Amino acid sequence: MKRKLNIPLLAIVGEGLLSRLSFGLISFTLPLYARHLGLSLTEVGILAALNSAVAVALKPLLGWAADRFGLKRTFVAAISLRSLVSLLLGFASVPWELFAIRSAHGLSMSLRDPSANALIAEHGGEKSVASAFAWYQTARTVAGSVSKAFAGILLTLTAANYPLVFFVAFALSVLPLLVVARYVKEESDTTRANRNPGSSSEPLAQRNEVETSASATQVRPKVLPFVGLGFLIASTAEMLNGLFPVLATEYAGLSNAQAGVVYAVSTLVTIFSGPIFGWLSDNVSRKLVLMVRGVANTFSSILYVVAPTFAGIGVAKTLDDMGKAAFRPAWGALMAQISSFDKRNRARTMSWMSMGEDAGGVLAPMLAGFLWGTWGITALMGSRVLLAIVAEVYAIVVTRLPGGRVVSVNGQQQTGSHSLVVQKHRPAELAITAEHEQEI
């Protein structure tokens with residue numbers, strides 16, 4: 001069996017790495033710059049969440065745009081807009097400009113995420129798509145950690161020269177644009193080979209119709225239940241997002257140095273566990289990998305309450321991050337599987353599913369802050385455990401369709417290859433069947 005490097009997928013993973021290097025600088029620096037300009041803590045919190053809120057609102061519309069105008073074209077447009085955001089931040093000098101630029105960042109996210117997810121699904125391969133999502137997420141995690149440390153060093157060396165840091169972020173943001181424009185393809189070699197010879201000159205919409213002709217005879221599952229699944233899973237996974245520094249220092253009494261060690265250890269574990277969970281999802285059981293997230297969230301919540309020590313917090317944080325590392329590839333593979341029934345609208349389907357995930361990531365930290373501030377840490381962690389259980393039960397229900405048919409959330413049972421390698425073989429038929437037309 002001949003194998004070769006999957007250059008388009010490597011380029012997409014490279015984009016994730018380089019883009020997160022750029023915007024990791026901004027994520028660290030922007031709140032500090034906002035405080036420098038006189039914003040209150042509440043206003044800084046609104047500013048931090050604004051891009052995600054805009055992305056949630058616009059994703060379905062811009063997912064449609066990605067299908068309409070082409071995945072690569074919209075991917076390049078999104079990266080270009082995000083690069084422009086970095087540049088504009090270097091010239092921003094009043095608060096309202098920060099809010100406007102942050103909104104533009106949300107616009108770029110809503111355009112980029114569906115395109116990136118659809119391209120990973122296209123080039124990842126049916127037997128290794130979870131591994132593809134795992135490597136993409138691992139690259140972003142590593143780059144995010146490195147860039148935040150780099151931002152702190154830059155601010156120290158430049159005596160808090162915020163515009164200079166933003167300009168460095170802009171320079172870094174140009175690199176992924178060049179990589180994507182040069183190496184990413186609209187469709188994989190397998191998809192091109194399955195079409196009739198000579199059809200590459202057909203219009204995009206007509207080509208997509210040809211690609212989906214095989215799956216058009218299959219009945220597509222409803223998407224809305226999976227939007228809810230993404231919301232519930234992301235809610236438990238992201239509930240403590242942004243609150244951990246406070247939890248570690250004020251609740252557990254850790255020093256800033258100890259909190260930094262906990263971050264470093266959990267990040268290191270994530271780097272190795274992400275690809276492992278991706279392989280398990282592809283080759284053993286996607287359902288098992290999704291279950292790992294629920295178990296990890298449950299045990300970490302218990303540890304936060306019963307062991308508020310350096311060791312206890314460290315283990316709990318590591319379990320949390322392992323749960324996220326398990327969730328991302330399995331969820332990405334599930335999005336790819338559901339969206340494969342209608343490749344003409346693949347990005348739009350993925351935009352709806354990721355919208356639910358994003359909404360959970362935005363609302364859950366707000367709920368966590370309310371629960372902690374009102375009833376204490378035990379109420380917060382107890383609610384998190386309950387939500388994890390609800391998510392697991394809902395996952396079982398939503399994958400069981402009317403008539404007793406089940407949407408398969410298990411990975412391929414036969415051995416698959418590394419996700420960054422293309423195998424020359426005929427793709428297997430997808431396993432999902434349903435009885436009703438897709439509804440959003």
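Since the structure is predicted, the reported quantities are computational estimates derived from the model, not experimental observations.
- There is a side-chain donor-acceptor pair under 3.5 Å between S300 and D320.
- Contact of the V261 side chain with the F310 side chain is registered, since non-hydrogen atoms from C-beta on lie closer than 4.5 Å.
- Proximity of T270 to T138: side-chain heavy atoms (C-beta onward) are nowhere separated by under 4.5 Å.
- Taken to the nearest 0.5 Å, the OG1 atom of T74 stands 12.5 Å off from the CG atom of L81.
- Nearest heavy-atom pair, E122 versus K343, reported as atom, atom and distance to 0.1 Å: OE1-NZ, 4.4 Å.
- When the ring pair (Phe, Tyr, Trp, His ring centres under 6.0 Å) test is applied to Y251, no partner is found at least two apart in sequence or on another chain.
- Between K324 and E238, at least one side-chain N (NZ, or NE/NH1/NH2) sits under 4.0 Å from a carboxylate O, which counts as a salt bridge.
- Between M353 and W331, the shortest heavy-atom distance links the atoms O-CZ2, 3.6 Å.
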For residues 358-375, which side-chain N or O atoms pair as donor and acceptor with protein atoms under 3.5 Å away, sequence neighbours left out?
unit_1, atom_1, unit_2, atom_2, d
D358, OD2, K59, NZ, 2.3
T374, OG1, F370, O, 2.7

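- Counting heavy atoms from C-beta on, the side chains of L334 and L229 come closer than 4.5 Å.
- Here CG of L37 is found 9.0 Å from CD of E97. Values are rounded to the nearest 0.5 Å.
- Taking CZ from F133 and CD1 from I120, the interatomic distance works out to 5.0 Å, rounded to the nearest 0.5 Å.
- A donor-acceptor contact shorter than 3.5 Å is absent between the side chain of S281 and the backbone of G278.
- R73 places no side-chain N or O within donor-acceptor distance of the main-chain N or O of A77, the cut-off being under 3.5 Å.
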(message) Show, in sequence, the C-alpha distance, side-chain angles and deciding distance for L89 and L98, and conclude whether the side chain to side chain contact (heavy atoms under 4.5 Å, CB included) test is met.
(response) CA-CA 7 Å; L89 282 172; L98 295 184; 3.9 Å; yes
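- The closest side-chain donor-acceptor pair between S266 and T318, if any, does not fall under 3.5 angstrom.
- Within the model, atoms CG of L175 and CG of L21 stand 9.0 Å from one another, a figure rounded to the nearest 0.5 Å.
- The side-chain heavy atoms of L240 and Y304, taken from C-beta on, include a pair separated by under 4.5 Å.
- Each of K72, R140, R82 was compared with E15 under the salt bridge (Lys or Arg N to Asp or Glu O under 4.0 Å) criterion, and only R82 meets it.
- Using a 3.5 Å distance cut-off with no hydrogens or angles, the side chains of T349 and S339 do not pair a donor with an acceptor.
- Counting only distance, with no hydrogens or angles, the side chain of N117 and the backbone of A347 share no donor-acceptor pair below 3.5 Å.
- For the pair F23 and S86, the minimum side-chain heavy-atom distance is below 4.5 Å.
- Separating the CD1 atom in I26 from the OH atom in Y162 is a distance of 14.5 Å, to the nearest 0.5 Å.
- In this structure, V54 and L107 approach most closely via the heavy-atom pair CG1-N, 3.8 Å.
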(message) Quick one, L164 with L154, criterion side chain to side chain contact (heavy atoms under 4.5 Å, CB included). Give me CA distance, side-chain angles, the key distance, then yes/no.
(response) CA-CA 9 Å; L164 178 61; L154 270 180; 5.7 Å; no
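- Here the side chains of S103 and L50 are in contact, with some heavy-atom distance below 4.5 Å.
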(request) Go through the steps to decide whether L280 and S285 satisfy the test side chain to side chain contact (heavy atoms under 4.5 Å, CB included), and finish with yes or no. (result) CA-CA 6 Å; L280 288 173; S285 172; over 6 Å; no
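- In this structure, F166 has its ring center closer than 6.0 angstrom to the ring center of Y33.
- Checking each of I233, T236, I302 against N297 for a side-chain contact (heavy atoms from CB on, under 4.5 Å) leaves exactly one that passes, namely T236.
- Salt bridge status for R293 with E392: present, with a side-chain N to carboxylate O gap under 4.0 Å.
- Contact of the L247 side chain with the M381 side chain is registered, since non-hydrogen atoms from C-beta on lie closer than 4.5 Å.
- Here the side chain of Q258 pairs a donor or acceptor atom with the backbone of S255 at under 3.5 angstrom.
- Between the side chain of Y394 and the backbone N or O of P225, at least one donor-acceptor pair lies under 3.5 Å.
- Applying the 6.0 Å contact sphere to CZ of F299 captures no more than 12 heavy atoms from other residues, nucleotides or ligands.
- Residues M355 and P60 share a closest heavy-atom pair of SD-CG, 3.6 Å.
- Between F91 and F167, the gap from one ring centroid to the other is short of 6.0 Å.
- Side-chain N/O atoms of S128 and D282 include no donor and acceptor closer than 3.5 Å.
- Rounded to the nearest 0.5 angstrom, L62 CG and L111 CG are separated by 5.5 Å.
- Looking only at side-chain heavy atoms (C-beta outward), V129 and S131 stay at 4.5 Å or farther from each other.
- Ionic pairing of D342 and R346 is not present here: no N-O contact between side-chain nitrogen and carboxylate oxygen is shorter than 4.0 angstrom.
- Panel note: side chain S22, backbone A169; a donor-acceptor pair is recorded below 3.5 Å.
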(request) Output, in order, the C-alpha distance, side-chain angles, deciding distance and verdict of side chain to side chain contact (heavy atoms under 4.5 Å, CB included) for R102 and L30. (result) CA-CA 10 Å; R102 194 68 169 170; L30 185 59; 3.7 Å; yes
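- Minimum heavy-atom separation, M109 to A55: CB-CB, 4.0 Å.
- Surrounding CZ of F150 are at most 12 heavy atoms belonging to other residues, nucleotides or ligands under 6.0 Å away.
- Pairing each heavy atom of S83 with each of V174, the nearest pair is OG-CG2, 4.0 Å.
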